[in-house]
Amino acid sequence: MAVSLKLISHKLCPYVQRAVIALKEKGVPFERIDIDLANKPDWFLKLSPLGKVPVLVVTTEEGEVALFESNVICEYIEETQAGAKLHPADALKRAEHRAWMEFGSAILGDLWGLETTTDPATFESKRQALAAKFSRVEAALGAGPYFASERFGLVDAVFAPIFRYFDVFDELTELGIFSDLPKVCAWRDELAKRPSVRSAVGADYPQLLRAFLVRHDAHLLKLAA
Ligand SMILES: N[C@@H](CCC(=O)N[C@@H](CS)C(=O)NCC(=O)O)C(=O)O
């Protein structure tokens, strides 16, 4: 039914990257348009009710629909596109996976501010909140290599970009979030190898994220110094 898909995006955004991973896993062609979030174009503000990326513009014979909210976009891709199934067939399992996708978004809620804060106390409380959330992830993981064992799915697409964010932090300093979480570490390593993840996140990502941290004079950089 969809005639073309256009993803409005930003290179550093992990919400965008989960949608890109879903599209790549399905092998769906799409156009990616990066915008400057510090200077949002008017055409984008008209499309995006919250002024946030990603937005997936779906063009059909009937016209254009702009979808927002990354998890909704991922679900739309799963429901409408051929290719590998990214959700379990069982309704209860599928609901459980959707809950963990939301949990991934909650982790990003704690992450925002950790990378840009200049206040050590805020930094420490966010670090602890993240450590607590990842210990819940550890308890939820099975034998691996992916969230639902052998099959890569949307929960993996949500967490892979989150782990790539932490990879950059880990090059700077030891945050101690993953040290006692062997299943999380194994999952993180496995996801980093996935071709869809590598192409969604991009080889220039660490460099761009480091430049972002410098621009914000992040506390993280002071820990690393
Ligand atoms: N709940 C949204 C969050 C998206 C989001 O926060 N995107 C950030 C970039 S990573 C954004 O567009 N920020 C611009 C702004 O808030 O002005 C989703 O899942 O799509």
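Positions are given from 1, in the same order as the sequence printed here. Atoms within a ligand are numbered from 1 in the order they appear, just like the ligands themselves.
Residue Ser70 places at least one N or O, backbone or side chain, under 3.5 Å from an N or O of ligand 1. Checked against a 3.5 angstrom limit, the closest N/O atoms of Glu69 and ligand 1 fall inside it. For Lys52, a nitrogen or oxygen atom sits less than 3.5 Å from a nitrogen or oxygen atom of ligand 1, counting backbone and side chain alike.
Each of the atoms 14 (C), 15 (C), 17 (O) of ligand 1 lies under 4.0 Å from some heavy atom of Lys40. Residue Pro54 has at least one heavy-atom neighbour below 4.0 Å for each of these atoms of ligand 1: 20 (O).
Clustering ILVMFWY residues whenever any of their side-chain heavy atoms sit less than 4.5 angstrom apart, transitively, puts Val20 in a cluster other than the one holding Val72.
With contacts defined as side-chain heavy-atom distances shorter than 4.5 Å, the pair Phe212/Val168 does not qualify.
Between Phe163 and Trp187, the distance from one ring center to the other falls under 6.0 angstrom. Aromatic ring centroids of Phe166 and Phe178 lie under 6.0 Å apart.
By the 4.0 Å N-to-carboxylate-O rule, Asp204 lies close enough to Lys11 to be salt-bridged with it.
Looking at Val16, Val53, Ile73, Val158 and measuring to atom 12 (O) of ligand 1, the nearest heavy atom belongs to Val53.
For the pair Arg164 and Tyr205, the cation does not sit on the ring face, since its NZ or CZ is not both under 6.0 Å from the ring centre and inside 45° of the axis.
Protein heavy atom at the shortest distance from atom 10 (S) of ligand 1 is Cys13 SG, 2.7 Å.
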